[in-house]
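Input: a single structure, listed below in structure tokens.
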Amino acid sequence: MATLKLEGLRKEYGRTVALEGTDLSLGDGEFFVLLGPSGAGKTTTLKCIAGLEEPTAGRVEIGGRDMTGVEPYHRNVAMAFENYALYPQKSVFDNMSFPLKSKRYAVSGEEARKRVERVAETLNIPHLLQRLPRELSGGQKQRVALGRVLVRPADILLLDEPLSHLDAKLQMEMRAELRSLGDMQGTTSFYVSHDYREALALGDRIGVLHKGKLHQVGTPEKIWHRPADTFVARALGQPEMNLIPGAAVSGAGGRVFRSRDGEIEVPLQGNPEVSEGTEVELGIRPLDLDLADGEPRPDTVEMSGSVYVVERLGRELEVTVTVGEHRIAAITNDAGARPGDRVRLRFPASKLHLFDGESCRRLEQEAGVMDRG
């Protein structure tokens, strides 16, 4: 086990800034997920930790030791790349056992066989051990590449989107298995993903990265319920959070949010004091919206509109409703809505999110939301 610490980590490629100056600390045995879209700087972060790229500024510490100038071989990290990087002339077994033949990690032939077979069983590839890479599908190659990393001991596991080439069913199975793999229990793991579902399912903590900047670090619960800004709000959830531009104005009963077209008004009791006319964005997750029936309920907010489109998502429906100039997505079990119907959308007042219209930062920050430790 080992701690991992990034201090002011910055990486430039010419005039392009891949990482702006990342500060991050991981504890012994923590499973951390770095979430972000393509081009955010996720793989660059991994390469700097592994020693495959030299930071422009800042430093990496592993187990309290400064890694500046330390070669990758001596960092005792294991990395699974998004591309497979398998030896084409070696069998699956030989590819997976290859790290166990190095001087640093050498074990007996019997021990190597046991480790490979145990990991292969977890990855559901024991029947492939004697095949060559050219005889495998893309998803099978991905599992072999992941297995090659998991068989060897390491202080830090670096996992670069290792499930990206698997089908949806296998991805779900592997999410459950990854955290329980014997070789990963107690090992500090740094996992990179563009899939928010992987991040929520796997991470002890999540970091959200965009254009080289770390926007928020926290537990899955904190990032889901208290996104630090509109980018983080959009990054988690599918369909993504509804964001409605407007302003905080005086209304009946106190301060209210009013959309730019004047069609949506939401009370802001219990939210931060904002001055009259301040530009803000109101956020509502589709999962928190439903089609209303009967009389209005206490502590809920409603808005009216016409159904634009209805899409079935298995047992649930995604209903998009046009409210004034805005299209609002809601996830519901109500199968009665049809395009063109007039409906009422309802959500708990406690579930609204409010962001500054200029900075895009959350206006109801809590202590610790931006905890980077």
Exercise. What about Val256 and Leu282, same hydrophobic cluster or not, with Ile/Leu/Val/Met/Phe/Trp/Tyr joined at side-chain heavy-atom distances under 4.5 Å?
Worked result: no
Exercise. Is the Tyr196 ring parallel, tilted or perpendicular to the Trp224 ring (thresholds 30°, 60°)?
Worked result: parallel
Acceptor/donor pairs from residues 307-323 side chains to any protein atom, 3.5 angstrom cut, sequence neighbours excluded:
| unit_1 | atom_1 | unit_2 | atom_2 | d |
| --- | --- | --- | --- | --- |
| Tyr308 | OH | Arg327 | NH1 | 3.4 |
| Arg312 | NH1 | Gly314 | O | 3.1 |

Exercise. With side chains defined as the heavy atoms from C-beta onward, is the minimum distance between Pro72 and Met79 less than 4.5 Å?
Worked result: no
Exercise. Parallel, tilted or perpendicular for Tyr87 and Phe98, by the 30°/60° rule?
Worked result: tilted
Problem set entry | Flag side-chain contact, heavy atom, 4.5 Å: Val151 against Ser97 | no
Exercise. Do the side chains of Leu243 and Val301 join up, straight or via other hydrophobic residues, at under 4.5 Å, putting them in one cluster?
Worked result: no
For this session: Verify side chain to side chain contact (heavy atoms under 4.5 Å, CB included) between Val77 and Phe190, making sure each step is shown before the conclusion.
Result: CA-CA 10 Å; Val77 299; Phe190 197 108; over 6 Å; no
For this session: Could you check if a side-chain atom of His326 sits within less than 4.5 angstrom of a side-chain atom of Asn242, using non-hydrogen atoms only?
Result: no
Problem set entry | Minimum-distance pair of heavy atoms, taken over all atoms of Leu100 and Arg152 | CD2-CA, 4.0 Å
Exercise. With hydrophobic residues grouped by side-chain heavy-atom distances under 4.5 Å, do Leu123 and Met172 end up in a single group?
Worked result: no
Exercise. Is the backbone of Arg361 close enough, under 3.5 Å, to the side chain of Asp356 for a donor and an acceptor to pair up by distance?
Worked result: no
Exercise. Under 3.5 Å, is there a donor-acceptor pair linking the side chains of Glu161 and His194?
Worked result: yes
For this session: Could you tell me whether Arg118 and Glu121 make a salt bridge, using a distance below 4.0 angstrom between a side-chain N and a carboxylate O?
Result: no
Problem set entry | Any side-chain donor near an acceptor of the partner, Asp261 and Ser259, under 3.5 Å | yes
Problem set entry | Flag side-chain contact, heavy atom, 4.5 Å: Ser250 against Arg255 | yes
Seminar exercise, completed: Residues at least two apart in sequence or cross-chain that pass side-chain contact (heavy atoms from CB on, under 4.5 Å) with Glu302, listed by chain then number, are Ala292, Pro296, Arg344, Arg346
For this session: Decide yes or no on salt bridge (Lys or Arg N to Asp or Glu O under 4.0 Å) for Glu221 and Arg226, but give the supporting numbers first.
Result: CA-CA 8 Å; Glu221 293 78 12; Arg226 289 289 183 269; over 6 Å; no
Exercise. In terms of hydrophobic clusters joined by side-chain contacts under 4.5 Å, are Leu136 and Val119 together?
Worked result: yes
For this session: Group every Ile, Leu, Val, Met, Phe, Trp and Tyr by side-chain heavy-atom contacts under 4.5 Å, then state whether Phe93 and Val107 land in the same group.
Result: yes
Exercise. Taking side chain as C-beta onward, heavy atoms only, is Leu4 less than 4.5 Å from Phe32?
Worked result: no
Exercise. Does the pair Arg205 and Glu30 meet the rule for a salt bridge (Lys or Arg N to Asp or Glu O under 4.0 Å), with working shown?
Worked result: CA-CA 8 Å; Arg205 288 188 303 152; Glu30 181 176 3; 2.6 Å; yes
Problem set entry | Glu61 side chain to Thr3 side chain, donor-acceptor N/O pair below 3.5 angstrom | no
